[in-house]
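Taking it in order: structure first as structure tokens, then the write-up.
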Amino acid sequence: MDVKLPKSLDDALAAYDALRYVETGHEPVIEPAKLKAAGVAAEVERVAKELSVNAHLEEAQRRVAGRLESRIIHEAAAAVPSVLEQLTERFDAEAARYVAAAVKLPEVLTSESVVETRDAEVLKALGDATEAAGFLEKVDGWLESLGDLPGFGSNYEPVLRVTAPDDHASMWALKEAHHARTTADTLLVSVGPVYFCAARNGVEFKMMTPDESKQLLKELQDARPLSNSEQFLGIRR
């Protein structure tokens, strides 16, 4: 996503990458055809030493990798605010580009509906929406991965990572688009069913961390109107 990582994280990633190329030993070469009775004991000792060294090297590599992985995870968590700040301008621009393109596309987006328009502007809008959706999906995936970092909550609501509806009904529409994506037309999938639903319904595009997403989810659920049955039963939140 073309962001500059802190030097400490860059250094840790470089060290972890270099670890892959560290030689941790090889299978001892034994040539039985050259062995003599008098040299068998020495050969056994030689092979044992090589095996011992190999075992120590492999264990050392495992331990170094573990420490580096721990460092990378904590450095990555600390870098999140900086990455979000760097992404904001590009994200806002791509989101605006996506919305501008999406509203020019047929409301029911299928290959057939686009062809039937016979409109070059619609085809251009489809291209813009597809490209912008590609960036939004990368950010979406990165935000989802924050749940694996220390200090960030998990159980991310899928439709509350890069879209921020302001009422429960809008969120529910996004959730329906998310669930229907597996059976959606390939053209709709290419522009992102959730993003398309958001753009067509005036939902704000906004990057949210897991904790921000959880807070918004709680607010939307608390503001949900009671159903007729809930009102009848006198249910209160």
Side-chain angles (χ1 to χ4, degrees), residues 1-6 9 70 72-103 129-184 188-227 230 235-237:
M1 296 183 289
D2 194 26
V3 295
K4 183 176 177 57
L5 299 177
L9 178 54
S70 178
I72 288 170
I73 288 173
H74 284 84
E75 292 284 357
V80 169
S82 172
V83 174
L84 283 170
E85 184 178 356
Q86 293 179 65
L87 286 174
T88 298
E89 184 176 353
R90 172 83 187 277
F91 177 85
D92 290 346
E94 292 293 347
R97 179 188 180 200
Y98 183 90
V99 172
V103 297
T130 302
E131 288 181 6
F135 179 80
L136 297 178
E137 286 172 356
K138 288 180 181 178
V139 175
D140 204 332
W142 174 71
L143 288 168
E144 181 181 15
S145 73
L146 297 186
D148 297 326
L149 299 179
F152 292 91
S154 55
N155 301 321
Y156 230 144
E157 167 56 56
V159 304
L160 299 181
R161 289 195 289 259
V162 296
T163 53
D166 58 8
D167 57 54
H168 190 271
S170 296
M171 180 182 70
W172 193 255
L174 297 181
K175 287 169 73 73
E176 289 183 330
H178 176 71
H179 291 312
R181 72 193 186 286
T182 55
T183 56
L188 179 57
V189 172
S190 71
V191 301
V194 173
Y195 308 153
F196 189 69
C197 178
R200 298 288 304 198
N201 289 282
V203 172
E204 178 188 8
F205 282 81
K206 177 183 178 182
M207 294 183 291
M208 288 183 287
T209 64
D211 290 340
E212 291 170 336
S213 175
K214 282 183 181 179
Q215 180 59 35
L216 177 58
L217 177 60
K218 182 179 183 304
E219 292 172 1
L220 294 175
Q221 289 176 331
D222 289 345
R224 176 179 64 85
L226 294 175
S227 67
E230 288 173 329
I235 293 175
R236 291 291 181 269
R237 297 187 188 88

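If you read the sequence from its start, that first residue is 1, and numbering goes on from there.
The two atoms that bring V139 and M207 nearest to each other are CG1-SD, 3.7 Å, heavy atoms only. Shortest non-hydrogen contact noted between G151 and D211 is O-OD2, 3.9 Å. Heavy atoms only, all atoms of each residue included: T163 and A198 are closest at CG2-CB, 3.8 Å. Minimum interatomic distance between V83 and L5 (heavy atoms only, all atoms of both residues): CG2-CD2, 4.3 Å. Minimum interatomic distance between F196 and A102 (heavy atoms only, all atoms of both residues): CE1-O, 3.7 Å. Nearest heavy atoms, P165 versus L216: O-CD1, 4.0 Å.
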* Residue pair V191, Y98: steps toward the side chain to side chain contact (heavy atoms under 4.5 Å, CB included) verdict -> CA-CA 9 Å; V191 301; Y98 183 90; 3.8 Å; yes
* I would like to know whether L146 and L149 meet side chain to side chain contact (heavy atoms under 4.5 Å, CB included); could you show each step before the answer? => CA-CA 5 Å; L146 297 186; L149 299 179; 3.8 Å; yes
* Please report the C-alpha distance between D167 and S170 in whole Å, then the side-chain angles of each, then the deciding distance to 0.1 Å, and finally whether the side-chain hydrogen bond (donor to acceptor under 3.5 Å, both in side chains) criterion is met. => CA-CA 6 Å; D167 57 54; S170 296; 2.9 Å; yes
* To do: Test F205 against E94 for side chain to side chain contact (heavy atoms under 4.5 Å, CB included), laying out the working first.
  => CA-CA 10 Å; F205 282 81; E94 292 293 347; over 6 Å; no
* So L143 and F152, side chain to side chain contact (heavy atoms under 4.5 Å, CB included) or not? Walk me through it. -> CA-CA 10 Å; L143 288 168; F152 292 91; over 6 Å; no
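With contacts defined as side-chain heavy-atom distances shorter than 4.5 Å, the pair H74/S70 qualifies.
Under the side-chain contact (heavy atoms from CB on, under 4.5 Å) criterion, E204 pairs with A164, K206, not counting sequence neighbours. Under the rule for a side-chain contact (heavy atoms from CB on, under 4.5 Å), the partners of E144 that lie at least two apart in sequence or sit in another chain are R161.
Between the side chain of D140 and the main chain of L136, no donor-acceptor pair closer than 3.5 Å is present. With S190 contributing its side chain and T130 its backbone, the two residues share no donor-acceptor pair below 3.5 Å.
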Tabulate below the donor-acceptor pairs under 3.5 Å that side-chain atoms of residues 171-179 make, not counting sequence neighbours, or state none.
from: W172; atom 1: NE1; to: E176; atom 2: OE2; distance (Å): 3.3
from: K175; atom 1: NZ; to: E157; atom 2: OE1; distance (Å): 3.2
from: H178; atom 1: NE2; to: R181; atom 2: NH1; distance (Å): 3.3

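Atom CD of residue E212 and atom CG of residue L160 lie 11.5 Å apart, to the nearest 0.5 angstrom. D92 contributes atom CG, which lies 10.5 Å from atom CG of L87 (distance to the nearest 0.5 angstrom).
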